[in-house]
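Atoms within a ligand are numbered from 1 in the order they appear, just like the ligands themselves. For clarity, every value in this text was computed on a predicted model and none was experimentally measured. Values reported hereafter were calculated over all heavy atoms of this structure, with side chains retained and with hydrogens, waters and symmetry mates removed.
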Amino acid sequence: MKFEGKVAVVTGASRGIGRAIAEELGRGGASIVVNYRSGAEAAEQVVQLIQAAGGKAAAHQADVGQVQQAQGLIQFAIDHFGDLQILVNNAGIIRDGLIMTMKEADWDAVLQTNLKATFNCSKAAVRHMIRKRYGRIINITSVAGQMGNPGQTNYSASKAGQIGFTRALAREVGSRNVTVNAVAAGYIDTEIWKDTPQTAIEALLGLIPLGRPGQPEEVAKAVAYLASDDAAYVTGHVLTVDGGMAMH
Ligand code: NAP
């Protein structure tokens, strides 16, 4: 039970990668706040799964792109479970399109949910973590932020932004025993791709040496490592979980 006595907030944990992370940390003994924006029923199911396995969990609705709601989420964790040691900034969206036709609203929505939310939640959590001289922040970024992906200028920019944010914050808070790392996922089989044309999916698969999509649980294992005390001397790192796709 690596996370016994720890409290973790996982943003966007009602499905996909966030759900797998919540379950993985919950299995390790952490008390989990399962954040979601609109999927109340799905989030409640995640809570019940964690509780059925003997863990502690509670769901909390918040659009983490909105600063006050993000602050409310962090405060909920501290009020409900009494502490906060682990923050996983996972909530994310795509609004793909070539730049000539990309709407300003699609640029703004992606930057707000993927990058500003990382700032919003981290700022609120770091205040508490610095005081307690302990913290683990893990940002779920993408290889798209490293290698770029056509049709994803907004998404790639937001994910590259998360990497810069991770490194800058790691330098700011390291002396207070707060580590900040990122996991750069490749093509992981989740609902985020539901509107992506099959031809684009085939093109992505063609770039993967391991020849298959990743599973959310495979990303969750990497997050669990960075959240654990085994990674006490790891900060500012970007751990790639992509079947070899980016390999730079
Ligand atoms: P997903 O299946 O679409 O799940 C996204 C989750 O984020 C949902 O629980 C959604 O909840 C939540 N969410 C979205 N906007 C939110 C907001 N403003 N506030 C709070 N929650 C919000 O996506 P996924 O594939 O698991 O992606 C999770 C993360 O991994 C994202 O940051 C994504 O960029 C990153 N990633 C994914 C892949 C991949 O191939 N799947 C690769 C690299 C990186 P609601 O439905 O309630 O809004």
Can you name the atoms of ligand 1, numbered from 1 with element, that are less than 4.0 Å from a heavy atom of [X]?
{"X": "I192", "answer": "2 (O), 3 (O), 23 (O), 25 (O), 27 (O), 33 (C), 41 (N)"}
{"X": "Y187", "answer": "40 (O)"}
{"X": "N35", "answer": "20 (C), 21 (N)"}
{"X": "T141", "answer": "43 (C), 44 (C)"}
{"X": "T190", "answer": "2 (O), 23 (O), 24 (P), 25 (O), 26 (O), 41 (N)"}
{"X": "G16", "answer": "2 (O), 26 (O)"}

Does [X] use its side chain to pair, donor to acceptor, with the backbone of [Y] at less than 3.5 Å?
{"X": "N90", "Y": "I140", "answer": "no"}
{"X": "Q162", "Y": "L115", "answer": "no"}
{"X": "D242", "Y": "A184", "answer": "no"}
{"X": "Q61", "Y": "R37", "answer": "yes"}

Considering non-hydrogen atoms of the protein only, which is the closest contact for [atom], and what is the distance?
{"atom": "atom 22 (C) of ligand 1", "answer": "A91 CB, 3.6 Å"}
{"atom": "atom 19 (N) of ligand 1", "answer": "V64 N, 3.1 Å"}
{"atom": "atom 37 (C) of ligand 1", "answer": "I17 CD1, 3.6 Å"}
{"atom": "atom 9 (O) of ligand 1", "answer": "S14 OG, 2.7 Å"}
{"atom": "atom 39 (C) of ligand 1", "answer": "W193 NE1, 3.4 Å"}
{"atom": "atom 5 (C) of ligand 1", "answer": "G92 O, 3.9 Å"}
{"atom": "atom 18 (N) of ligand 1", "answer": "D63 OD1, 2.8 Å"}
{"atom": "atom 7 (O) of ligand 1", "answer": "G12 CA, 3.4 Å"}

Check whether any N or O atom of [X], backbone or side chain, sits under 3.5 Å from an N or O atom of ligand 1, and answer yes or no.
{"X": "I93", "answer": "no"}
{"X": "R15", "answer": "yes"}
{"X": "N90", "answer": "yes"}
{"X": "G65", "answer": "no"}

Q. Taking I137 as the fixed residue, which of V180, N181, T166 is the one that meets the side-chain contact (heavy atoms from CB on, under 4.5 Å) rule?
A.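 Testing I137 for a side-chain contact (heavy atoms from CB on, under 4.5 Å) against V180, N181, T166 leaves exactly one candidate, V180.
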Q. With A220, which residues qualify under side chain to side chain contact (heavy atoms under 4.5 Å, CB included), at least two apart?
A.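 Expected list: A20, I21, E24.
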Show every donor-acceptor pair shorter than 3.5 Å between a side-chain atom in residues 93-102 and any protein atom, with sequence neighbours excluded, or say none if there are none.
| unit_1 | atom_1 | unit_2 | atom_2 | d |
| --- | --- | --- | --- | --- |
| D96 | OD1 | Q152 | NE2 | 3.2 |
| D96 | OD2 | Q152 | NE2 | 3.3 |
| T101 | OG1 | L98 | O | 3.2 |

Quick one: does ligand 1 sit under 4.0 Å from the side chain of [X], the backbone, both or neither, non-hydrogen atoms only?
{"X": "I188", "result": "both"}
{"X": "K159", "result": "side chain"}
{"X": "V219", "result": "neither"}

Q) Which option, S158, A62, A20, P216, owns the non-hydrogen atom nearest atom 20 (C) of ligand 1? A)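 Ranked by closest heavy atom to atom 20 (C) of ligand 1, first place is A62.
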Q: Look at atom 38 (C) of ligand 1 and find which of S142, G39, G186, A109 reaches it with the closest heavy atom.
A: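 It is G186 whose heavy atom sits nearest to atom 38 (C) of ligand 1.
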Can a donor-acceptor pair be found between the side chains of [X] and [Y] at a distance below 3.5 Å?
{"X": "D79", "Y": "Q75", "result": "yes"}
{"X": "Q198", "Y": "E202", "result": "yes"}
{"X": "D229", "Y": "Y134", "result": "yes"}
{"X": "N139", "Y": "T118", "result": "no"}

Q. Can a salt bridge be assigned to the pair R19 and E23 using a cut-off of 4.0 Å between side-chain N and carboxylate O?
A.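 A salt bridge is present here (some side-chain N lies under 4.0 Å from a carboxylate O).
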Q.
I want to check something: taking the side chain as every heavy atom from C-beta on, are S122 and F165 in contact at a cut-off of under 4.5 Å?
A.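 Yes, their side chains come closer than 4.5 Å.
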Q.
Go through it in stages, so that I can follow the logic: the residues are K2 and D230, the test is side-chain contact (heavy atoms from CB on, under 4.5 Å), and I'd like the CA-CA distance, side-chain angles, deciding distance and then a yes or no.
A. CA-CA 9 Å; K2 274 186 177 172; D230 293 340; 3.0 Å; yes
Q) Quick one: does T113 get within less than 4.0 Å of ligand 1, heavy atoms only? A)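 Yes; T113 lies near enough to ligand 1 that a heavy-atom distance drops under 4.0 Å.
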